[in-house]
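Hydrogens, waters and symmetry mates are skipped; everything else that's a heavy atom, side chains included, is used. Proteins get letters first, then strands, A, B, ... in listed order; numbering begins at 1 in each.
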Protein chains: 2
Amino acid sequence: MLTIGTLARRTGTKVQTIRYYEQIRLMPEPGRTSGGQRRYGEAELDRLAFIRHSRQLGFSLEAIRELLDLSDHPEKSCEEADRIARRQLRQVEQRMERLEALRTELARMVQECSGGSTSDCRVLDVLRDHSECLTAHDEIGA
Amino acid sequence: MLTIGTLARRTGTKVQTIRYYEQIRLMPEPGRTSGGQRRYGEAELDRLAFIRHSRQLGFSLEAIRELLDLSDHPEKSCEEADRIARRQLRQVEQRMERLEALRTELARMVQECSGGSTSDCRVLDVLRDHSECLTAHDEIGA
DNA sequence: GGCATATCCTACAGTGGCTATAGATATGGA
DNA sequence: TCCATATCTATAGCCACTGTAGGATATGCC
């Protein structure tokens with residue numbers, strides 16, 4: 001029987017985060033001691049590891065909920081899991097493209113800065129006037 | 001005199017977002033009509049454009065606050081603006097590295113999926129067992 | 001058994017950067 | 001004057017946690 005702290009240490013999760021996952025029903029309600037403390041088994045450890053690893057790969061909690069459901073039903077087709085992973089891959093690729101555009105723009109801003117006073121700072125100039133940008137970056141939240 | 005809606009249209013911002021910026025004192029309190037509606041001038045339009053452009057480049061609102069302050073004081077040295085931009089560039093580069101690792105891992109997962117049942121789905125296998133990963137991805141929140 | 005202390009409990013507030021909603025009021029044109 | 005559209009305030013919600021306060025419990029040692 002594992003305490004919540006042990007589970008946290010073994011998976012690199014904060015104790016509050018585990019309780020949060022329980023609250024949103026991503027983790028099951030575990031058994032309790034007579035004093036009311038949570039006690040977990042190996043299955044819960046595996047489930048939490050799955051969640052954390054998926055989070056590290058950038059999956060949303062909703063996507064993870066679907067993936068866990070698929071994982072719990074071995075008879076289901078793998079297609080759905082594949083679809084979710086492909087969607088995540090696309091999102092990562094799109095974010096990378098956006099970041100690449102930002103990187104270019106920021107590098108140019110920084111390079112052109114002469115180091116004088118802010119009255120003729122290239123960094124501020126570019127921020128003031130979008131038309132100075134060579135690359136497009138129309139959406140917020142890279 | 002510009003209404004909040006005009007300001008929103010001209011900068012690609014939602015009306016609520018402008019009011020939010022006012023609330024957190026990123027935008028100044030504008031003049032009002034006798035009926036209590038906000039009215040803006042060109043200076044506010046420029047300021048909002050600066051904010052939005054900076055957001056598009058991924059600067060945090062706190063960083064933007066600093067940049068605006070520098071922009072308002074032309075006699076100050078440009079060094080600080082340069083420092084903020086360089087920090088932002090570093091962050092973008094770090095995020096790109098993380099995303100590259102994720103992209104690799106996700107692409108591998110997806111490629112290896114044979115399309116059978118979830119009982120032997122590579123996508124789910126990898127999520128279940130971190131040791132199957134070739135690349136490191138230790139932090140959450142790319 | 002008693003005690004220290006480490007861990008656990010609940011409940012709630014806060015983070016960033018918005019976005020959405022409800023219900024009331026103002027504005028501008030036909 | 002009427003009406004559609006825009007605006008107002010206030011508040012709650014989003015995601016995925018994180019932090020805090022103020023207690024209760026569990027464990028190891030003497």
Report yes if some heavy atom in the side chain of [X] is under 4.5 Å from a heavy atom in the side chain of [Y]; otherwise report no.
{"X": "A/M109", "Y": "B/L57", "answer": "yes"}
{"X": "B/E22", "Y": "B/R38", "answer": "yes"}
{"X": "A/R83", "Y": "A/E66", "answer": "yes"}
{"X": "A/D129", "Y": "B/H53", "answer": "no"}

In whole angstroms, how far is the [atom2] atom of [N] from the [atom1] atom of [X]?
{"X": "B/L2", "N": "D/dT7", "atom1": "CG", "atom2": "C1'", "answer": "15 Å"}
{"X": "A/R25", "N": "D/dA16", "atom1": "CZ", "atom2": "P", "answer": "18 Å"}
{"X": "A/M1", "N": "C/dC8", "atom1": "CE", "atom2": "P", "answer": "15 Å"}
{"X": "A/R52", "N": "D/dC17", "atom1": "CZ", "atom2": "P", "answer": "5 Å"}
{"X": "B/L61", "N": "C/dT15", "atom1": "CG", "atom2": "P", "answer": "13 Å"}
{"X": "A/Y20", "N": "D/dG19", "atom1": "OH", "atom2": "C1'", "answer": "15 Å"}
{"X": "B/I24", "N": "C/dG14", "atom1": "CD1", "atom2": "P", "answer": "16 Å"}
{"X": "B/I18", "N": "C/dC18", "atom1": "CD1", "atom2": "P", "answer": "12 Å"}

- Message: Under a plain distance cut-off of 3.5 Å, with no hydrogens placed, do B/R128 and A/S71 share a side-chain donor-acceptor pair?
- Response: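 There is such a pair (donor and acceptor under 3.5 Å, judged by atom type) between the side chains of A/S71 and B/R128.
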- Message: When you compare the side chains of B/R52 and B/Y21, does any donor N or O come within less than 3.5 Å of an acceptor on the partner?
- Response: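 Side-chain D/A pair, B/R52 to B/Y21: present.
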- Query: What is the per-nucleotide protein-contact pattern of nucleotides 20-30 of chain C, from the 5' end, where B denotes a base atom under 4.0 Å from a protein heavy atom, S denotes such proximity for sugar-phosphate atoms only, and - denotes neither?
  - Reply: BB----SS---
- Between D/dA16, C/dG17, D/dT9, which one does the side chain of B/R32 approach most closely?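 Looking only at side-chain atoms, B/R32 lies closest to D/dT9.
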- Task: Could you work out which one of C/dC9, C/dT19, D/dC17 sits closest to the side chain of B/T17?
- Result: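 Per side-chain heavy atoms of B/T17, the pick is C/dT19.
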- Query: Under 4.0 Å between a side-chain N or O of A/T3 and OP1 or OP2 of D/dA26?
  - Reply: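 Checking A/T3 against D/dA26: no side-chain N or O falls below 4.0 Å of OP1 or OP2.
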- Message: Applying salt bridge (charged side-chain N to carboxylate O under 4.0 Å, His left out), can you list everything that pairs with A/R19, at least two apart in sequence or on another chain?
- Response: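 Counting only residues at least two positions away or on another chain, A/R19 forms no salt bridge (charged side-chain N to carboxylate O under 4.0 Å, His left out).
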- First of B/Q23 and B/I4 reached from the 5' end of DNA chain D, by closest nucleotide: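 Final value for this comparison: B/I4.
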